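Being a predicted model, the structure only gives us computed values, none of them experimental. Below, read A as the first sequence line, B as the second, and so on, with proteins coming before strands; counting in each chain starts at 1.
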Amino acid sequence: MNIEQNLKLKLQKAFSKLGKNINLSDIVIEHSRDVSHGDYATNIAMKNCRLFNKSPRDIANDIIQNIDMEGIENIEIAGPGFINFFIKNDSLQAIVKKIIEDGDNFGKGEKKNFKINVEFVSANPTGDLHVGHARGAAIGDSICRILSFAGYDVTREYYINDAGSQILHLAESIEARYKEQLGLPFEMPQDGYYGEDVKTIATTILNEDGKDVLKMSDPISFFRERGTFLELEKIKKDLKDFGVAFDVFSSELKIRSNEAVEKEIEFLKPHIYQDGKALVLKTSDYLDDKDRVIQKSNGDYTYFIPDVVYHVNKKSRGFDLLIDVLGADHHGYINRMKSALMMHGYSADTLEVELIQMVRIIKDGQEMKASKRTGNAITLRELFEEVGVDSTRYLFAMRAASGHLDFDMDLAVEQSSNNPVYYAQYAHARLCSILEQGHNIAFDIEASQLEKESEMALLKHLVSFPSAVLEAAKERAPYKITNYIHDLAECIHHFYTECRVIDTEH
RNA sequence: GCGCUUGUAGCUCAGUUGGAUAGAGUGCAACCCUCCGAAGGUUGAGGUCAUGGGUUCGACUCCCAUCAAGCGCGCCA
């Protein structure tokens with residue numbers, strides 16, 4: 001039994017003895033910052049002034065007169081009406097045995113029978129992943145790991161936009177580079193991709209598919225298919241080396257097959273009107289601030305309608321919740337997609353969008369603009385090869401996604417020993433060292449000798465790990481875990497400095 | 001012009017869903033290894049929580065206005 005949960009139950013019982021009911025979820029147990037405020041504290045007396053119609057301190061007094069003191073050393077009332085709990089040492093010491101017994105499962109949430117689909121990265125296969133994708137990949141992957149550990153059934157998904165006009169531009173660019181390498185006259189398309197990666201792909205196609213591609217009946221389709229495949233292979237490899245894996249890759253082309261878009265439009269007909277030759281979806285009937293064109297005057301569909309098909313497709317696969325991890329520049333897209341899902345009878349919170357704010361790369365004290373087109377952009381691979389995978393991921397994961405992030409390359413690289421990730425790794429190394437040197441010494445699994453301040457602080461922090469996991473999962477906030485790790489490392493360093501662990505004298 | 005996001009120490013950022021003296025890293029200054037990894041620990045300086053109102057026992061947190069920054073506002077994706 002978790003100590004916090006236990007305290008909540010005790011408080012609930014004390015309330016019922018006083019003739020009042022309170023929900024466990026309405027009881028807040030805080031970790032006291034100051035040791036003189038005990039180990040745990042609650043503001044429950046202040047929150048329920050009206051319920052008792054008494055002063056907070058009087059209520060607090062009533063509560064502690066009626067509370068079960070099992071496992072509790074002392075209770076004090078402080079300040080305006082805080083109740084401070086001083087926990088008996090052995091209650092905290094018991095966590096050591098539990099952690100050793102649970103092993104890697106310590107803190108793991110119970111199976112929730114709740115299926116979540118997390119879509120992230122989903123970069124167009126038209127070039128290398130850049131730093132913006134890197135942040136999305138690090139945070140998206142961390143969210144998946146956390147949700148999974150917290151007990152949710154998680155599917156990681158990548159949506160490949162392989163049907164739009166951007167892909168056509170890619171195909172034309174590859175064709176131009178292919179001609180170039182054959183020594184033929186060539187012209188890059190206006191919205192073409194000028195990066196080195198396109199030249200590399202043209203070379204690969206020349207080597208693997210030969211010199212006669214242009215003689216095919218539809219060379220552009222060939223370049224499109226091969227180009228998408230090769231770009232995607234590169235993306236997959238970059239992500240894999242970055243420690244990110246996906247369960248499902250969904251292709252827009254496949255989503256569009258079997259006239260899925262036409263069927264979708266038929267289904268949405270009651271919400272569609274005609275504007276000239278174009279078809280418009282009345283998303284403003286729901287959450288959107290304006291209606292959205294789904295079919296252009298020239299007969300082409302906009303990107304939006306296959307996206308709707310895709311989200312409906314995901315939902316139809318039996319997920320309880322869809323999470324999209326998107327760049328913040330897509331925020332205008334949230335309400336229109338939710339509106340479309342609502343037209344299908346789903347509630348607005350069927351889809352949850354985690355926006356990842358922009359990343360600025362700072363080098364030599366200046367911002368480096370990331371541009372896919374110039375070929376000089378900083379890619380995901382460059383980033384983690386220069387900074388290191390662990391470090392890069394930690395630096396992204398440790399900041400809330402909602403804030404703009406300055407990623408200082410000079411700091412991350414040159415002063416890597418001062419990097420926050422090393423602080424945690426060093427604590428780990430020290431503990432490993434103790435285990436190695438003390439491998440033939442028996443453990444005191446009851447941990448009954450732990451009683452110094454730094455030892456109790458460490459135990460308390462260990463006890464709080466399961467609630468840190470729950471919190472991080474609920475908030476979709478990986479940085480709550482890195483914060484936990486930092487505080488844990490701090491506890492360990494204090495403990496290590498103050499206490500000698502290997503002691504054959506006793 | 002409208003909308004979303006953000007504004008906290010010199011810099012990069014937390015702040016547990018309205019609570020006790022607003023915290024950490026980094027940078028700066030001074031200390032601490034005959035002993036488990038000094039990539040560590042201790043101490044100090046550094047704040048008008050963008051600004052101005054409001055709500056209440058109590059506001060960095062909630063509401064309104066203003067200022068500043070980023071991003072959106074397309075029959076592009």
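In this structure, A:Asp275 reaches the bases: a heavy-atom distance under 4.0 Å links it to at least one base atom across the strands shown. Counting non-hydrogen atoms under 4.0 angstrom, A:Lys277 reaches nothing in the nucleic acid. Using a 4.0 Å heavy-atom criterion, one finds that A:Gln437 contacts the sugar-phosphate atoms exclusively. Looking at heavy-atom distances under 4.0 Å, A:Met398 makes no contact with the nucleic acid at all. The residue A:Asn84 sits close to a base: some heavy atom pair falls under 4.0 Å. Across all strands shown, A:Ala427 has no heavy atoms under 4.0 Å from either base or sugar-phosphate atoms. Nucleic acid contact for A:His331: base, since at least one base atom lies under 4.0 Å from a heavy atom of the residue. Within the nucleic acid shown, A:Ala400 comes within 4.0 Å of sugar-phosphate atoms alone, with no base atom in reach, counting heavy atoms only. Residue-level contact check: A:Val280 touches neither bases nor backbone, having no heavy atom under 4.0 Å from any strand. Base contact: A:Ser297 has a heavy atom under 4.0 Å from a base atom.
Contact annotation: A:Lys47 side-chain N/O to B:G18 OP1/OP2 distance is not under 4.0 Å. Note on A:Arg430: a side-chain N or O is less than 4.0 Å away from OP1 or OP2 of B:A38. Note on A:Lys474: every side-chain N or O is 4.0 Å or more away from OP1 and OP2 of B:U17. A close approach under 4.0 Å does not occur between any side-chain nitrogen or oxygen of A:Gln357 and OP1 or OP2 of B:C4.
Between the side chains of A:Asp288 and A:Ser339, not a single donor N or O lies within less than 3.5 Å of an accepting N or O. When only modelled atom types and interatomic distance are considered, A:His133 and A:Asp128 share no side-chain donor-acceptor pair under 3.5 Å.
Using a 5.5 Å limit on the distance between ring centres and a 30° limit on the angle between planes, the aromatic ring of A:Tyr479 does not count as stacked on the six-membered base ring of B:A14.
Taking atom P in both B:A45 and B:U55, the straight-line distance is 37 Å, to the nearest Å. Comparing the C1' positions of B:A22 and B:C64 gives an interatomic distance of 25 Å, to the nearest angstrom. Taking atom C1' on both nucleotides, B:U17 is separated from B:U21 by 22 Å, rounded to a whole Å. Nucleotides B:A24 and B:A14 have their P atoms positioned 16 Å apart, rounded to a whole Å. Across B:U56 and B:U61, the matching P atoms stand 16 Å from one another, rounded to whole Å. With C1' as the reference atom, B:C60 and B:G23 are 12 Å apart, rounded to whole Å. Nucleotides B:C32 and B:A69 are separated by 49 Å at their P atoms, to the nearest Å. Of the P atoms belonging to B:U16 and B:C76, the separation is 44 Å, rounded to the nearest Å.
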* Asked: For A:Glu231 and A:Lys234, what are the C-alpha separation, side-chain angles and deciding distance, and is it a salt bridge (charged side-chain N to carboxylate O under 4.0 Å, His left out)?
  -> CA-CA 5 Å; A:Glu231 289 282 14; A:Lys234 257 192 320 160; 3.4 Å; yes
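Protein atom CE of A:Met358 is 17 Å distant from nucleotide atom P of B:G7, rounded to whole Å. Regarding A:Arg336, its CZ atom lies at a distance of 12 Å from the P atom of B:C76, rounded to whole Å. The nearest whole Å value for the distance from the CZ atom in A:Arg500 to the P atom in B:G37 is 9 Å. If you take CD1 of A:Ile294 and C1' of B:G74, they are 16 Å apart, rounded to a whole angstrom. Between A:Lys480 atom NZ and B:A24 atom P the separation is 18 Å, expressed in whole Å. Between A:Tyr423 atom OH and B:A38 atom P there is a gap of 13 Å when expressed in whole angstrom units. Per the geometry, NE2 belonging to A:His330 stands 20 Å off P belonging to B:G70, to the nearest Å. If you take CZ of A:Phe407 and P of B:U26, they are 17 Å apart, rounded to a whole angstrom.
Taking the side chain of A:Tyr422 as heavy atoms from C-beta on, and the options B:A38, B:G40, B:A39, the nearest nucleotide is B:A39. Distances from the side chain of A:Glu30 to the nucleotides B:G41, B:A14, B:G19 place B:G19 closest. For A:Asn483, the listed nucleotide lying nearest its side chain is B:A14; candidates were B:G40, B:A14, B:C75. The listed nucleotides are B:U17, B:C36, B:U6; the one nearest the side chain of A:Ile434 is B:C36. For A:Ser433, the listed nucleotide lying nearest its side chain is B:G37; candidates were B:G37, B:G74, B:A20. Residue A:His37 has its side chain nearest to B:A20 when only B:U6, B:A20, B:A77 are considered. Closest approach to the A:Arg399 side chain among B:U6, B:U12, B:C36 is made by B:U12 (side chain taken as heavy atoms from C-beta onward).
Note on ring orientation: taking the six-membered ring where Trp is involved, the planes of A:Tyr303 and A:Tyr333 are parallel (angle under 30°, cut-offs 30° and 60°).
For A:Tyr426 against B:A39, no side-chain N or O and base N or O form a donor-acceptor pair under 3.5 Å. For A:Ser165 and B:C76, a side-chain-to-base donor-acceptor distance below 3.5 Å is absent, hydrogens and geometry of angles not being considered. The base of B:A77 has none of its N or O atoms less than 3.5 Å from a complementary donor or acceptor on the side chain of A:Asp329.
Nearer to the 5' terminus of RNA chain B, by closest-nucleotide assignment, is the contact made by A:Phe82 (compared with the other of A:Phe82 and A:Gly164). The 5' end of RNA chain B is approached more closely, in terms of each residue's nearest nucleotide, by A:Phe495 than by the other of A:Phe495 and A:Asn161.
When side chains are defined from C-beta on, A:Lys314 counts as touching A:Glu119, because their heavy atoms get closer than 4.5 Å.
With respect to A:Leu170, the side chain to side chain contact (heavy atoms under 4.5 Å, CB included) criterion is satisfied by exactly one of A:Asn124, A:Ile201, A:Asp162, A:Thr126: A:Thr126. The only member of A:Ile64, A:Asn74, A:Leu7 that meets side chain to side chain contact (heavy atoms under 4.5 Å, CB included) when paired with A:Phe85 is A:Leu7.
With values rounded to the nearest 0.5 angstrom, A:Leu239 atom CG is found 5.0 Å from A:Leu129 atom CG.
Ring pair A:His169/A:Tyr193: centre-to-centre distance not below 6.0 Å. Less than 6.0 angstrom separates the ring centroid of A:Tyr159 from the ring centroid of A:Tyr310.
In this structure B:C31 sits in a base pair with B:G41, meeting the Watson-Crick or G-U test at under 3.5 Å. Under the Watson-Crick or G-U wobble criterion, with both distances below 3.5 Å, B:C73 is paired with B:G1. The base-pairing partner of B:A20, taking Watson-Crick or G-U wobble contacts with both distances under 3.5 Å, does not exist among the strands shown. Base pairing of B:U66 is made with B:A50, judged by Watson-Crick or G-U wobble geometry with both donor-acceptor distances under 3.5 Å.
Against the 90° criterion about 0, the sugar-base torsion of B:C13 places it in the anti range.
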